[in-house]
Structure formats: C-alpha cells, structure tokens
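A quick write-up on the structure given underneath.
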Amino acid sequence: MKNNILVIGGGPAGLEASAVLSRMGYNVILAEKEKRLGGHLAKWDRLFPDQTPAKEVLDGLLDGIKDVKCFTETDVNSINLLDRSFNAMLSNGITILADAVLLASGFDMFKAEKKEEYGYGIYEGVMTNADMEQAFREGKTFSPAPKAIGFVHCVGSRDEKAGNPACSKVCCATAVKQAIEAKELYPDANVYCFYMDLRMFGRHYEDLYLRAQKSGIRFIRGRVSEVSETAEGRLLIKAEDTLSSRPVKVTLDRLVLMAGMRPSEAGHKVGRQLNLSVEEDGFFSARDGFLSLQKSKLPGLFYAGACTGPKTLPDTLHEARSAAMEIDRYIKENFRK
Amino acid sequence: MIHLLSAAVHQITPEGIIDRYPNSYNHFVLPFVIGITFILIYLLIGLIRILYHLSGEDRIKLLKSLFNPKTAWKNIKDIFCDCLLHTKIWKRKPLLGYMHSAIAFGWFLLIVVGHIEVWLFAPRHLSGLTEGSLYYPIFYRFFIWINPAHETLRGSLFFFIMDFLLLYVLSGIGLAMFKRVRSIALGMRHTTKPSLADRVALYCLWLIFPLRLLAEGFTADLSGGGFLTRPLNWVFRAFFGNELNFLPTWWAYSIVLGLFFAAMPFSRYMHILTEPLLILFRNAGLKVRHPRKGFAEAEIYACSSCGLCLDACPMNVQKKNLKYSSVYFMRFLRRHNNKKTREIADKCLMCGKCYALCPVGVNSPAIRRAIRETRNNKIDCDYSYLDSYAEKCSENPKSTGKILYFAGCMSHLTPRIIKSVETILKASGQDYEFMDRNEGICCGRPLMLAGRTDAARKTIEANSKIIKDSGCTTLLLSCPICLKVFKEEYALKGIQVIHYTQFVDKLIKEGKLKVSKSSSAIVYHDPCELGRGCGIYEEPRNVLKAVAELKKASKERDESICCGYSLGTLTLDEKDKAKIAESSVTSLMAENPEQIVTACPLCYRAIRSKAEVPVKDFAEIVCENLENNDKN
C-alpha cells in the first residue's frame with residue numbers, strides 16, 4: 001500500500017517536493033488555497049539573475065506533478081496528529097489520513113500600505129514589486145511614458161519599526177532586475193534605486209548590478225523618508241544620500257516599493273493547530289539550524305521553502321528536494337519494518 | 001451619653017482642672033521633644049537650602065506671589081484641598097481618598113482641637129517653651145486631673161470631639177493596614193516597595209494612634225474622656241485594678257511619635273511637610289531649572305511615594321518596566337543615584353500621565369527633561385542653513401489674515417492626514433497657505449524632549465520668522481507634538497495657534513462645515529500631547545459625536561494610555577513599545593468599536609500597527625462624513 005503524504009502549499013516548494021515524492025512512489029495530495037498553482041512564481045514575469053521567464057520554470061515544475069492529487073482553492077480546515085498519522089480535513093470536504101505532512105506555506109508579501117509615508121494606496125504612481133511584475137507579465141505599459149522611475153529597497157525588511165528587522169534576501173536582486181527591465185522598456189526615463197546596501201550574494205548577481213550601472217541606472221545609498229504629491233500630480237521623493245551626506249529630492253512618475261517577505265498567514269493557521277513553534281521573526285523554527293533543517297519538532301511534519309524564512313527560488317527548490325528525501329527516510333523507518 | 005448627662009447637671013460649676021504635675025513635666029515626653037526638635041531644625045535648614053538654590057528671579061516671583069491676594073487665596077485653598085482633604089484622590093478612588101484624608105485631616109484636627117482645648121482650659125501652657133508649650137498640648141490628657149464633679153458641658157464636648165477625631169484617624173489607619181495586605185480593594189493594582197526608613201516611619205504611624213487611644217484610655221478616669229476612652233478605662237480598671245499601669249503606654253506613645261519624626265526626613269512621610277511648599281512654588285509659577293536643586297528638591301521631597309503613578313505609567317504592562325515609574329525615579333533622585341536617574345529619565349515616554357494623576361502634582365517629566373538637558377551631548381550641529389531657508393520662505397507672497405497650515409514632519413509621514421486636512425480647508429472655503437508643503441523646519445518639540453533646548457531654540461526662531469513674515473492670523477496644526485511647542489515656546493503675538501480638532505469644531509459650530517452622522521461605532525484615542533499636554537479633550541469629541549457613534553475606552557481623557565511610540569523616549573526598545581501599543585489598543589477596544597480614531601500622526605501609526613479594526617485619523621473621518629454639497 002502506498003503511504004499518503006499531504007503537501008500544504010502549491011508554490012515552488014510544494015510543487016517540487018510533490019514531484020519528487022510522487023516519483024518515489026508515494027501517494028501525494030497537494031492542497032493549495034488559491035485558484036492557480038505556483039504561488040508567487042505564477043505572478044512573476046521574469047526571474048533574476050538571468051531574466052528566465054517565470055512561466056518556463058513553473059511549467060517545468062508542473063510537468064512533475066502529473067500523478068499528484070491537486071486540490072486548488074482548498075484550505076486546510078483542521079489538522080491534528082493521531083497516533084502516528086495526521087488527520088486533515090480540507091475545505092472541499094475531503095478528509096485525509098497522511099503518514100507525513102510537508103508544510104510549504106511560503107510567505108506573504110509585506111503590506112506596503114503599512115509604510116504610509118511611501119504613499120502606497122494613496123498616490124496613484126506608487127506600486128509594489130508584485131504590481132510591477134504583473135504589469136510586465138501583462139505587457140502593460142504606462143502612458144504617458146514615465147520620465148522618472150524610482151525603486152525603494154527594503155520596504156518592510158530590515159525595519160524594526162515595521163516589525164521586521166530581518167533581510168528578505170531577494171529584493172535587492174529583484175529591484176536591480178526590475179530597474180533594468182524598466183530602463184529597457186522606457187529608455188528615456190531616469191531610473192533610481194534607493195538602497196541601504198546592495199546584497200548581491202548569489203552567482204551572477206554582481207553581473208546584474210554591473211549591467212544596471214552600465215545601463216545608466218542611478219543608485220542612491222539612503223532610505224526614502226517620505227513621498228508627497230506635487231501640484232502636477234507627480235511624486236516628490238525625499239531621501240538622504242548617505243554617500244554625499246546630503247538630503248536629496250527627486251520628482252518621479254513611478255515609485256516601486258520592494259515589499260519584503262512576511263510569514264504566511266495561512267501557514268500560521270495550520271501551525272497553530274499543530275502547536276508548531278515560530279521564532280521571533282514569525283517564521284517556523286526548524287528542529288535545528290544545520291542537520292535537521294527540514295524537520296519540525298513534530299515527528300512526521302516537515303518544512304520546505306520560505307515558511308522557515310526568506311529564501312531565493314533555487315534555495316527553495318533545494319529545500320523541497322531535501323524535504324522529500326527526509327520524508328522518504330521517515331516513512332521507511334517508521335512505517336515499513 | 002451618661003457623662004454628657006452628668007455634665008449637663010454640673011454645667012454651672014467652675015471647671016475643676018488641676019495640673020497633676022506642678023511643673024507639667026515628666027521624663028516620658030523626652031523622645032517626642034527630641035523628635036520634634038530634630039524635625040523642626042531639619043525643616044528650617046531644608047527650607048533655607050531650597051530657597052538658596054532658587055534663582056534670584058524665582059525668589060522674587062515667590063515673594064510677590066505670597067502677597068498677591070489671588071494667589072494667596074489659591075495657596076490656602078490648594079493646601080487645604082490637596083494636603084488635608086486629598087480631593088484629587090477622592091475624585092478617582094473614593095475609598096483611598098477617605099483613607100488619606102482620615103489620616104491627614106483627622107490628625108490635623110486632633111492637633112488643632114487639642115491646642116484649642118489647652119488654650120481654653122490651660123492657656124498658661126501655651127505661653128512658652130518653659131511652660132511645655134512644645135509637648136503639653138500633645139500630652140494634655142496626661143498632665144491634668146479633672147474633678148468629675150466639676151465637669152462642664154464645654155469640657156465634655158471636647159472629650160467627645162477628640163474621641164471622635166481619634167476614631168476618624170483610626171479608621172484611616174485601619175484602611176491603611178488593610179491596603180498593605182490587599183491594595184486592589186482600595187483601587188491600586190501596584191504599590192510601592194517601601195524603603196527601610198519608610199517602613200520604620202510607617203509602623204510608627206500605624207502605632208501612634210492605637211497607642212494614643214491606650215494611653216488616654218488609661219488616664220480617662222483622671223483627665224476625663226469621651227465615648228472611646230472612657231469605656232476603655234472601665235475595662236482597664238476591671239482588669240488591672242489600679243491606675244499605676246499607665247506610664248509605660250505614655251512612654252510608648254511618646255517614643256513612636258519621636259521615632260516617627262526622626263525617621264520622617266529619610267522616609268516618604270516628608271511629603272506631609274514639603275507639599276505645602278511645593279504648592280506655594282507651583283502657584284508662584286516657578287519652573288524646574290535644575291534636576292536636583294531648588295524647585296526640583298521641593299518636588300523630590302513632596303513625592304509621597306504613594307505609587308499611584310505605578311498604575312498610571314504605560315510601561316506597567318510589563319512588570320520588569322515598573323522600575324521606570326516616577327515614584328522610583330523620585331526615590332533615586334533623592335538618593336543622588338545619578339546612574340539610575342539618568343537611565344529612567346531617558347527611558348520615559350514623557351506621556352505625562354503620572355503627572356496628571358499625581359495627587360501631589362509632582363512634575364517628574366519636567367525633571368526628566370532637565371536631566372536630559374545635562375547630558376553631555378557632543379554632537380555639534382550646524383544650523384546655519386535655517387537662516388537661508390527662512391529667507392527663502394519669506395520671499396513667498398505675503399497674505400494678510402490667512403490661515404497658515406503647518407503639517408510638521410510627522411504629518412508628512414502620514415500623507416492621508418494632510419490630504420484630509422486640505423479637503424476640509426477647501427470644503428469650508430478657507431483661504432489658506434501650506435507652510436511646509438515642500439520643505440519645512442522641525443517645530444522643535446522633539447529636540448526639547450531630548451533635552452537639546454539650544455538646538456530647539458534655533459528651529460523655533462527660524463519658524464517664528466517665517467510665520468510672522470507670512471502675515472497670517474491663524475496657525476493651523478495637525479500634529480499635537482507641534483501644537484504643544486508652538487503654544488508654550490513660540491512667542492507668536494496676535495496669531496492664534498490652533499489644532500485641527502479645535503478648528504473643525506469651530507467650523508462646524510459656525511456652520512461653515514456641514515457633516516452628517518454615520519452609524520459607525522468609533523472610539524477616540526486621546527493623544528498624550530493633545531490631551532494631557534494641551535488640555536484638549538472636548539473639541540475632538542464634539543466633532544466625533546457629530547459624525548459617528550462615539551464609544552468609550554476603558555481609560556480615556558487624562559487617563560488615556562500612551563500609544564507607546566511617543567517621541568519622548570530615548571532608549572525604550574521596539575518590543576517594549578509594541579507591548580504598550582497593544583495595551584493602549586486593548587483599552588480602546590473596551591466597548592468593541594468598529595473603528596478607532598485619533599488625532600496625532602504618531603498615535604495613528606502606532607495604533608494602526610496593532611489594532612485589528614480600521615484606524616482613522618480625525619480629519620479622515622470628518623472628510624468621510626462631509627455633506628455632499630460641501631465637498632467641492
């Protein structure tokens with residue numbers, strides 16, 4: 001008999017882990033709360049560092065889950081640990097008895113309207129990184145063509161007052177990528193990036209940064225303090241240039257806020273039912289930080305992806321694969337003696 | 001009743017009062033005499049010290065105020081109401097008020113009536129120290145013998161009054177003892193940890209009146225007594241048989257009195273004697289100039305360590321932060337513990353709630369600011385740009401009689417507020433100019449709070465110039481932090497400084513702005529700087545009642561809990577702030593409102609980050625409820 005494995009979350013981590021587990025011969029059931037599989041990846045246009053279309057990656061992931069039972073628009077209404085297995089009731093009325101559960105609930109985007117001084121939801125020209133990707137994906141161009149576009153790094157990340165002192169890891173590279181794309185789309189526009197420091201830690205990321213500089217994007221080291229509207233309806237940005245130690249004022253047509261990663265609310269809902277522990281940053285805590293990264297404190301419950309902290313897409317996929325390996329080992333040790 | 005009756009029979013006979021001791025002296029009075037002499041000398045030296053540390057200008061101010069009939073009357077009224085009756089405590093916590101007034105006012109009357117009694121029946125003993133005027137009225141009942149056959153109605157009336165007053169005080173003492181065990185019964189969640197001297201004085205205070213009852217009970221058959229002491233005397237006589245046992249109780253009574261006075265300067269009970277001085281200073285309009293000397297010293301000794309500020313302090317949501325309350329701050333100041341006082345001074349949110357609720361009126365936020373002022377701040381900032389900026393602004397076209405709107409830094413971080421204020425201004429057809437639409441200078445309040453008074457003066461000067469040059473007659477503000485400093489530190493003659501809550505209230509009353517009432521249930525959060533800082537409680541409520549259903553918070557008006565994100569604190573960390581914000585929101589949600597409204601950009605941001613219901617700014621909710629025909 002095949003063992004049932006429940007995967008919660010149909011983003012890249014959930015999809016990849018499901019694919020590996022189903023190849024291993026498990027009976028995988030995947031629950032996704034939204035209409036479409038793919039999570040944030042499905043809403044993205046192109047990926048850093050090489051501008052690979054997100055669709056290409058997503059299609060690759062979807063190819064692997066042909067044998068997986070996928071329930072979209074499905075929440076986990078309740079879940080509890082029985083003797084050895086988990087009993088989960090889904091919102092579509094189906095009850096599942098699973099021998100192992102993989103929590104791949106990912107992240108929510110930081111709500112940019114919380115940083116009211118940036119004017120998201122107040123001024124029309126202010127948008128988030130997700131809005132920008134959506135515009136790219138839908139091929140929507142702004143008219144009249146913006147004369148100046150600004151990107152604000154670290155919105156809701158590395159910001160204690162916003163409740164998140166941690167780095168969200170992906171925004172720097174995303175901002176530089178989007179800045180390049182914006183410059184390609186509107187070659188006459190002045191494009192600015194307001195950053196604290198650029199965290200270009202991955203392979204090829206630095207190349208991306210160099211490319212951005214060569215294409216004329218201006219990098220201003222300093223946080224934006226406030227945004228207001230000019231009489232003509234443009235955006236007046238006040239910031240500090242900490243390299244020249246001077247306050248700067250820039251008038252823009254578009255301001256893109258690089259909203260960071262916050263723990264997923266839907267993931268917390270599941271976590272609360274199973275008493276899973278979260279760390280101070282709100283993300284789930286793994287059993288340890290090195291050897292049992294994919295394990296929770298509960299036997300049979302595993303983590304993959306951004307539910308244990310911000311991660312890049314390749315990191316997430318690595319985690320999904322190793323979580324599948326851990327689950328396989330767990331099942332073999334506990335259910336097939 | 002019986003002796004009253006007998007007194008009535010003998011009222012025509014002359015009062016038969018005889019000194020039992022020809023020289024009116026017994027060794028037992030010594031502890032008391034030593035104690036009272038010590039405290040009187042201590043007081044005199046203390047008074048001279050405090051007056052010496054006042055600036056010359058303040059001394060003249062004080063002297064003038066003493067001869068000004070208006071302030072003199074206020075002094076008398078305040079001393080009577082605050083020191084004796086404790087009206088401030090009565091208003092908030094009646095049982096606690098009764099306790100304090102029973103002890104203070106009761107004891108005061110015992111002393112006064114006791115002296116009147118001596119003055120009426122043995123006036124010789126008030127004539128000088130050699131006649132025992134220092135102790136005789138206190139131990140009157142010990143020294144006299146009254147022929148029971150010669151008791152008068154007048155004498156019996158005093159027996160009755162004195163016993164009644166003693167009972168009054170004893171009821172207060174009883175409550176005080178009960179409070180030590182269960183403070184919550186008297187409305188106090190937290191109480192102060194007493195210091196050693198506090199304990200000595202406290203136990204002495206508890207003992208004074210029961211011992212007085214015992215002592216006077218023992219001698220009631222000789223000196224006469226009322227409804228308390230007389231029956232007690234019967235009981236004692238029935239048990240002990242003779243009258244020779246009374247001397248030890250008089251010794252004990254004298255010793256606890258002496259000990260109480262000796263411990264007084266080192267204990268919280270110094271407030272009894274210092275509070276009247278503080279009232280004189282305050283009514284004379286003196287301000288804290290030095291964090292430890294002069295006026296501050298009067299405040300330090302006037303602090304009664306009652307601990308009402310423990311329950312008031314917003315930091316009390318975490319027990320670990322109780323140590324930052326004013327009561328401990330004053331105690332460390334008194335002990336010259338500079339390290340601790342500095343730490344507490346920097347931690348404080350400066351919300352002013354402890355000051356507002358303090359029964360003595362100790363202005364500890366002012367002392368905290370004075371300490372911050374002494375900080376060795378080596379950052380040497382260059383403010384020369386302020387002049388050029390002010391010049392740039394003064395080139396603007398001058399507009400006489402207009403409204404000048406100053407949003408301030410914090411409103412600029414909450415553009416929704418600015419948008420709403422402008423909508424209101426336009427809807428009511430006001431002619432206005434936006435002083436800091438593109439650029440602005442800080443109002444100076446954050447610098448003042450940080451103790452950087454000189455820097456603040458520079459921004460104040462620059463702003464004052466711009467405002468005066470603009471020719472405006474009204475300065476409109478949307479930030480209470482700005483409001484406070486504009487009202488207190490700016491000298492803007494002929495210009496009305498007004499907060500937008502007052503302004504909207506006025507517009508509605510004058511019929512210039514029409515609003516409609518929605519059915520939404522809202523609660524209003526009183527910002528510290530607006531409520532306690534500027535005394536504005538009614539205007540925002542008037543307007544909010546006109547636009548929605550106004551609910552109550554569990555703590556509001558001057559008891560409102562700071563949102564936690566005040567600019568006042570220099571060192572409080574983010575997690576502690578968040579806890580305070582949560583407790584503030586919990587208080588606001590007492591009646592389950594659908595929306596929270598506040599009138600301060602900082603409170604707005606703080607509460608928004610913690611509340612689960614929508615949080616609106618005052619101007620925003622007014623805009624939502626503007627009547628359509630006025631929207632353009």
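Reminder, nothing fancy here: chain letters follow the sequence lines and each chain counts from 1.
- Chosen from K249(A), K114(A), E229(A), the residue pairing most often with chain B at heavy-atom distances under 4.5 Å is K249(A).
- Contacts of Y565(B) with chain A are absent, with no heavy-atom separation under 4.5 Å from either backbone or side chain.
- Between chain B and the options E116(A), E117(A), K161(A), the largest number of non-hydrogen pairs under 4.5 Å is found for E116(A).
- Defined by atom type and a distance below 3.5 Å, a donor-acceptor pair is missing between the side-chain atoms of Q178(A) and N129(A).
- Annotation: Y432(B) is not in aromatic contact with Y405(B) [ring centroid separation under 6.0 Å not met].
- Heavy atoms of R416(B) lying under 4.5 Å from chain A belong to its backbone as well as its side chain.
- Proximity to chain B is limited to the side chain of K238(A), based on heavy atoms less than 4.5 angstrom apart.
- For the pair C600(B) and E529(B), the minimum side-chain heavy-atom distance is 4.5 Å or more.
- With no hydrogens or angles considered, no side-chain donor-acceptor pair links Q318(B) and K579(B) at under 3.5 Å.
- Interface residue I122(A): backbone and side-chain heavy atoms are both found under 4.5 Å from chain B.
- Within the 4.5 angstrom heavy-atom criterion, atoms from both the backbone and the side chain of N438(B) approach chain A.
- No part of Y118(A) comes within reach of chain B, as not one of its non-hydrogen atoms sits under 4.5 angstrom from that chain.
- Side chains of D131(A) and Y120(A): a donor on one and an acceptor on the other come within 3.5 Å.
- Of the atoms belonging to K577(B), not a single heavy atom falls under 4.5 Å from chain A.
- For chain A, the nearby parts of T414(B) are the backbone and the side chain; heavy atoms of each come within less than 4.5 Å.
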Next item on the list: May I have the step-by-step check of salt bridge (charged side-chain N to carboxylate O under 4.0 Å, His left out) for D576(B) and K347(B), ending in yes or no?
Entry: CA-CA 11 Å; D576(B) 293 344; K347(B) 195 71 85 175; 5.5 Å; no
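- Side-chain contact annotation: Y186(A) with D253(A), donor-acceptor N/O pair under 3.5 Å absent.
- Side-chain N or O atoms of S168(A) include none that pairs as donor or acceptor with a backbone N or O of C171(A) at under 3.5 Å.
- For a residue to count as touching a neighbouring chain, one of its non-hydrogen atoms must lie under 4.5 Å from one of that chain's; by this rule S225(A) touches chain B with the backbone only.
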